[in-house]
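First the proteins, then the strands, lettered A, B, ... as listed; each starts at 1.
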Amino acid sequence: MKRTEPFEMYQPTSLKEASRLLKEKGPGGRFLAGGTDLVIAMKEKGLVPKYVVDLKRLPGLTGIHENKDGRITIGALTTMREIETSPVLTKKYPFLCQSAAEVGSIQIRNRATVGGNMSNATPSADVAPSLIALQAKTTIASAAGERTVALEEFFRGPGQNVMSTDEILTEVTIPKTSSRLVGEYIKFSPREMMDLAYVGVAVVYTLGEKEKTCEAVHIVLGAVAPTPIRAKKAEDALEGQILSEALAEKVGALAAEEAKPISDVRSSAEYRRAMVGAMTKRALLNAAVGPAKSWVERRDRRY
Amino acid sequence: MAELTVVGKPVTRVDANEKVTGEAIYGYDLVLPNMLYGKTLFSTKAHARIKRISTEKAKAFPGVVAVVTGADVPWTHGESIKDKPFLAQGKVRFIGEPVAAVAAEDEDIAQAAVKLIEVEYEDLPVYVDPEEACKSGAVAIHEDFPKYRKVDFIVPGAHANIAEHFKLRTGDVAQGFKESDLVLEEKYFVPMIQHAAMEPHSAHAQFDKETGRLTIWVANDAPFRALHEIAEALGMPKEKIRFINPLQGGGFGSKGGLKVEPIAVALAFHTNGRPVRVKFNREETFISTLTRHEAVVYSKTGVKKDGTLMAREMTIYWGAGAYAEKSPTVCIRGSLPAPGPYRIPHVKVDGYAVYTNKPVAGSYRGYGIPQGAWAGEQQMDEIAKRLDMDAVEIRLKNIFVEGDISYWGEQLHAVGLKETLTKATEAIEWGNKPHQIKPGVKNGKGFACIQKPTRSPTTSAAGVMVNTKGDITVLAGTVEIGQGCNTILSQVAAEELKVPMAKVQMHPLDTDVIPYDASTTSSRSTYHMGNAVRRASIHAREQIMEAASPMLEAKTQDLDCVDGKVFLKDQPQMALTLGEVVRRKFGPEGVVRGDGSYTYEIGKDLDLETGHSDHASAFYMYATQAAEVEVDEDSGRIRILRMSAAHDVGKAINPLNCVAQIEGGVVMGIGSALHEEMVIDQTGKVRNPSFLDYHLVTSLDTPELISIIVECAEPEGPYGAKGLGEPGLAPTPAAIGNAVADALGIRIYDLPLKPENVYWAIQNKKKKDAA
Ligand SMILES: Cc1cc2nc3c(=O)[nH]c(=O)nc-3n(C[C@H](O)[C@H](O)[C@H](O)COP(=O)(O)OP(=O)(O)OC[C@H]3O[C@@H](n4cnc5c(N)ncnc54)[C@H](O)[C@@H]3O)c2cc1C
């Protein structure tokens with residue numbers, strides 16, 4: 001690994017100070033969270049930021065809070081490991097913990113933050129599909145104030161998001177959901193761990209009270225388009241229906257049609273498309289069965 | 001033989017502590033006083049003439065001490081074919097070939113200066129496929145090939161791009177096929193892969209004008225051979241060159257020959273006596289050092305209905321990359337046993353080492369055996385299936401056993417193959433059909449057998465010193481590449497001198513003081529250097545016994561040694577410590593030195609027309625590995641559930657170390673089976689030169705491993721030992737391939753068995769079945 005070019009670094013202790021810094025210094029700066037994307041970009045990919053603003057001293061940006069109204073807010077600096085092991089999330093949204101657990105290794109997850117994963121906007125970002133499927137919203141702050149953007153609208157392309165350079169992602173909020181909500185995330189890659197998703201599929205739906213119909217279906221695909229995308233035709237095909245293996249297969253096939261994968265050194269577009277179908281089907285069926293209880297079970301269920 | 005006290009015991013590695021605490025200094029860590037930092041400019045063209053190089057801007061850059069190009073260093077080197085320039089001469093032959101180098105006060109300056117060097121190229125046709133590269137009409141990648149100096153066993157091929165053509169001729173294959181009831185002919189492919197040692201490559205060099213001496217610090221696996229190659233290239237007397245070997249952070253074959261050394265040496269002649277360090281990063285190591293040969297293997301086999309092998313004909317194209325490196329010997333030693341460890345009356349093998357415009361290929365743990373086994377062992381299973389025979393049964397009918405004459409004309413002894421076959425297959429309950437539990441997931445079992453020769457003939461020499469404290473220092477040129485040789489050789493010295501392990505230490509490796517050793521390659525060290533250290537230890541012990549004889553007033557034959565003491569056999573209380581004997585004989589600073597060497601005496605040289613030899617190898621290693629796998633039909637993803645590996649090691653000098661070697665080998669073999677491939681496009685560019693897209697297996701991808709040690713003693717080996725370093729991964733891909741074929745009923749001919757490749761094979765079969 002190369003040494004980085006010399007750079008200036010700031011460690012503001014309030015949001016105000018941070019945005020003032022950005023105003024003064026002008027464009028070309030970068031925020032630093034866990035650094036698992038940024039530092040590598042600087043050391044290996046020739047990124048030379050004019051200056052770096054460390055967000056880790058800003059108060060109130062970490063932690064997972066369950067609000068009285070049922071919303072859950074996750075601070076942007078919350079690590080993947082915290083999400084993975086959070087008792088609140090494990091109980092309510094085990095598949096979200098599962099998607100965080102798919103990131104890199106424990107060492108990486110102890111540093112990597114959810115805000116970094118979103119802001120970096122890699123199409124294969126592992127936590128994005130589950131959060132979009134939960135209809136999460138982002139809170140974005142700057143000197144000018146705060147705004148809220150649905151995570152589904154947040155991504156603009158590989159490495160691109162809706163934030164301007166002086167905006168900071170402060171938190172991600174999951175709206176109140178039904179107690180009958182189920183979900184699953186499957187990361188498909190050749191290795192068990194330490195791999196990028198070739199395909200990521202998150203499915204979330206609410207089971208009807210009596211008839212086990214699938215309602216409020218959300219199917220979100222990662223790594224098969226310039227941004228994470230919803231497979232809306234597939235969602236529609238399942239909406240209000242009772243899940244069966246044949247239906248899961250059909251919904252998977254629709255999701256595969258909606259994917260826009262590319263061919264690269266890792267795999268061909270055709271294979272990625274086929275895997276969207278297979279993994280969507282599997283995720284839908286797994287969600288109905290309930291969450292995996294252990295890593296081994298999670299691994300076995302990918303097959 | 002007296003009972004062994006240290007040899008054969010699971011002794012903890014002598015270097016365990018320094019390595020797990022991070023204290024060990026590897027070649028890559030080394031910092032020398034007043035050192036300069038070197039950086040290399042690599043070719044961006046796979047095949048091109050160099051029209052112009054301008055270095056003015058780089059030379060003028062502040063902090064730059066030297067800039068060198070091919071014009072400054074007109075030397076070439078090569079182990080068996082002298083074809084590789086220190087820096088490109090007039091043309092480049094692969095992307096990653098060193099073209100120029102800079103030495104500067106720090107690494108950033110060197111890197112910035114390298115970017116200022118301008119090179120103008122004129123493109124030439126690029127060959128990325130070894131079969132294409134030797135078709136008539138293909139231009140010569142080395143125009144001067146006929147003029148290169150070559151060692152005498154090289155047989156160039158009919159085409160200018162064939163660096164070596166190995167021939168094996170036994171019986172008459174046409175006749176054999178005629179007499180067969182079933183003849184099967186298939187094409188297999190093994191891609192180019194990377195050694196992926198944890199430590200990337202580096203070298204340090206210093207030239208002292210006053211003494212005319214050149215010193216090179218490098219974790220090379222064969223310092224004496226590298227020294228010879230440098231001396232020969234530079235036309236310098238060997239005494240003027242010194243190699244100092246720091247610890248090596250793994251090499252797996254990639255750190256033999258000359259890699260970074262020529263660049264460091266080229267710079268060292270232009271730095272006014274200051275040492276230069278050249279360190280490659282991972283990408284540079286990927287594209288510019290060494291790879292394992294891609295191989296196209298055509299295999300045709302004829303059998304009788306009862307499974308008796310009649311004839312086997314194999315044609316193997318070994319993709320050598322742009323320079324010959326060890327390709328000729330990989331071609332010879334990989335092609336010779338490619339037909340497998342079987343009695344076959346009619347055999348014909350043609351092995352071609354073919355130049356291409358890809359990164360250089362050379363030695364890689366297994367030295368050509370995995371490629372042959374991938375084809376041969378899968379074809380054995382396919383034959384068994386067509387004959388409706390059990391895969392074990394067909395092997396048992398044909399495998400080499402004690403006293404067999406091999407198809408290359410050598411009578412075999414110490415053949416532990418059958419035991420490995422039985423034990424490895426039993427360990428995965430071969431007879432029991434695998435359970436099919438999950439829908440859409442298919443289970444299967446498979447195995448593969450191999451036989452591996454070692455580089456022969458070769459020599460190892462060693463010294464053993466005993467001081468007045470009774471401390472033992474072993475001087476041996478075997479390189480600790482992570483394989484555990486320092487532990488094994490210490491055990492041998494401790495055994496023969498009857499001292500505790502803690503009394504023995506290994507001398508650092510420096511060619512100025514260490515006796516000659518051929519190389520730390522080819523699984524040869526335990527056998528060759530083990531013998532040399534054993535002899536040197538016995539020599540030292542005899543001198544001590546002789547010195548002790550008058551001191552204890554006894555004849556030497558009445559003396560014995562145990563626990564660091566010499567004593568009278570019938571009066572054990574009459575004893576002297578080894579140190580005391582040395583002190584009384586030679587004074588307080590005295591040392592007793594024993595010397596020993598071992599050379600395997602070869603019989604007749606390999607016959608270049610028939611490939612026959614009555615002693616092709618000092619010993620042979622035999623192994624069988626068996627795998628149980630699960631294949632997800634919807635994704636093509638393979639999971640290995642368990643794997644057994646039975647290896648005939650002759651004698652396990654350290655069973656713990658043997659298991660570690662087997663496990664390490666199998667894990668590496670699983671990577672090459674399931675994931676690893678260097679993706680190289682039509683322009684010769686490596687598309688995945690990093691661990692992001694070049695997938696090694698992780699601990700989570702590793703199945704239950706069952707290591708089995710088989711001991712079929714080799715009479716010439718120390719305590720009966722053979723070797724073990726390489727075979728650990730040789731049968732692995734073929735065993736997995738056979739298990740996958742068993743699971744799916746589909747034979748996959750090309751490695752790696754990555755999910756996508758398996759998926760399309762399944763889809764194609766579905767389409768065929770539907771039609
Ligand atoms: C070995 C390894 C394995 C990995 N494996 C995976 C994997 O399996 N799956 C996966 O999805 N990712 C993986 N990653 C990528 C990375 O770990 C994640 O994307 C991680 O979540 C990034 O978070 P971070 O806090 O480290 O971000 P940083 O590197 O600190 O920042 C990333 C980018 O986001 C910006 N940024 C960060 N926080 C904010 C904020 N609050 N507001 C505005 N901008 C912000 C930064 O300026 C920077 O441009 C891996 C990385 C490594 C090194």
Asker: Is atom NZ of Lys212(A) surrounded by more than 12 heavy atoms (other residues, nucleotides or ligands) closer than 6.0 Å?
Answerer: no
Asker: Step through the shown structure and confirm whether more than 12 heavy atoms of other residues, nucleotides or ligands are within 6.0 Å of NZ on Lys233(A).
Answerer: no
Asker: Applying salt bridge (charged side-chain N to carboxylate O under 4.0 Å, His left out) to Arg299(A) and Asp701(B), what does each step give before you reach the verdict?
Answerer: CA-CA 11 Å; Arg299(A) 178 192 64 188; Asp701(B) 304 288; over 6 Å; no
Asker: Could you tell me whether Glu192(A) and Arg637(B) have a side-chain N and a carboxylate O separated by less than 4.0 Å?
Answerer: yes
Asker: Could Arg687(B) and Asp264(A) be called an ion pair, given the rule that one side-chain N must be under 4.0 Å from one carboxylate O?
Answerer: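 So Arg687(B) does not pair with Asp264(A) through a salt bridge.
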Asker: With heavy-atom distances below 4.5 Å as the criterion, would you say the side chains of Val697(B) and Arg191(A) are in contact?
Answerer: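 No, side chains not in contact.
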Asker: Can you find a heavy atom in the side chain of Tyr198(A) that is under 4.5 Å from one in the side chain of Pro755(B)?
Answerer: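 The answer is no; the side chains never approach within 4.5 Å.
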Asker: Under 6.0 Å from the CZ atom of Arg273(A), do we count more than 12 heavy atoms belonging to anything else shown?
Answerer: yes
Asker: Between Asn688(B), Ile638(B), Val679(B), Leu696(B), which residue shows the highest count of heavy-atom pairs closer than 4.5 Å to chain A?
Answerer: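 Sorted descending by pairs with chain A, the first entry is Leu696(B).
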Asker: Which atom names give the shortest non-hydrogen contact between Met275(A) and Asp634(B), and what distance separates them?
Answerer: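 The answer is CE-O, 3.2 Å.
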Asker: Among all residues two or more places apart in sequence or in another chain, which pass the salt bridge (charged side-chain N to carboxylate O under 4.0 Å, His left out) test with Asp300(A)?
Answerer: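 Listed in chain order: Arg639(B).
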Asker: Count the heavy atoms belonging to other residues, nucleotides or ligands that lie under 6.0 Å from CD of Gln682(B), then report whether that count exceeds 12.
Answerer: no
Asker: Mark yes when over 12 heavy atoms from residues, nucleotides or ligands other than Gln763(B) sit less than 6.0 Å from its CD; otherwise mark no.
Answerer: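 Buried by this count: over 12 neighbours within 6.0 Å.
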Asker: Do His675(B) and Pro190(A) touch side chain to side chain, with heavy atoms closer than 4.5 Å?
Answerer: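 His675(B) reaches Pro190(A) side chain to side chain.
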Asker: Nearest 0.5 Å, what's the OG1-CG distance between Thr698(B) and Asp195(A)?
Answerer: 9.0 Å
Asker: What part of Arg282(A) is in contact with chain B, defined as an atom under 4.5 angstrom from a non-hydrogen atom: side chain, backbone, both or neither?
Answerer: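 Side chain only.
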Asker: Counting C-beta onward and ignoring hydrogens, is there a side-chain heavy-atom pair between Leu692(B) and Met194(A) closer than 4.5 Å?
Answerer: no
Asker: Is the NZ atom of Lys754(B) crowded by more than 12 outside heavy atoms at less than 6.0 Å?
Answerer: yes
Asker: Please find the pair of heavy atoms, one from Ser635(B) and one from Tyr271(A), that lie closest to each other, and give the distance.
Answerer: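 Looks like O-OH, 2.5 Å.
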Asker: If you count heavy-atom pairs under 4.5 Å between each of Ala278(A), Ser267(A), Ser105(A) and chain B, which one has the most?
Answerer: Ser267(A)
Asker: State whether the number of non-hydrogen atoms from other residues, nucleotides or ligands found under 6.0 Å of Lys279(B) atom NZ is greater than 12.
Answerer: yes
Asker: Would one find more than 12 heavy atoms of other residues, nucleotides or ligands at under 6.0 Å from atom CZ of Arg30(A)?
Answerer: no
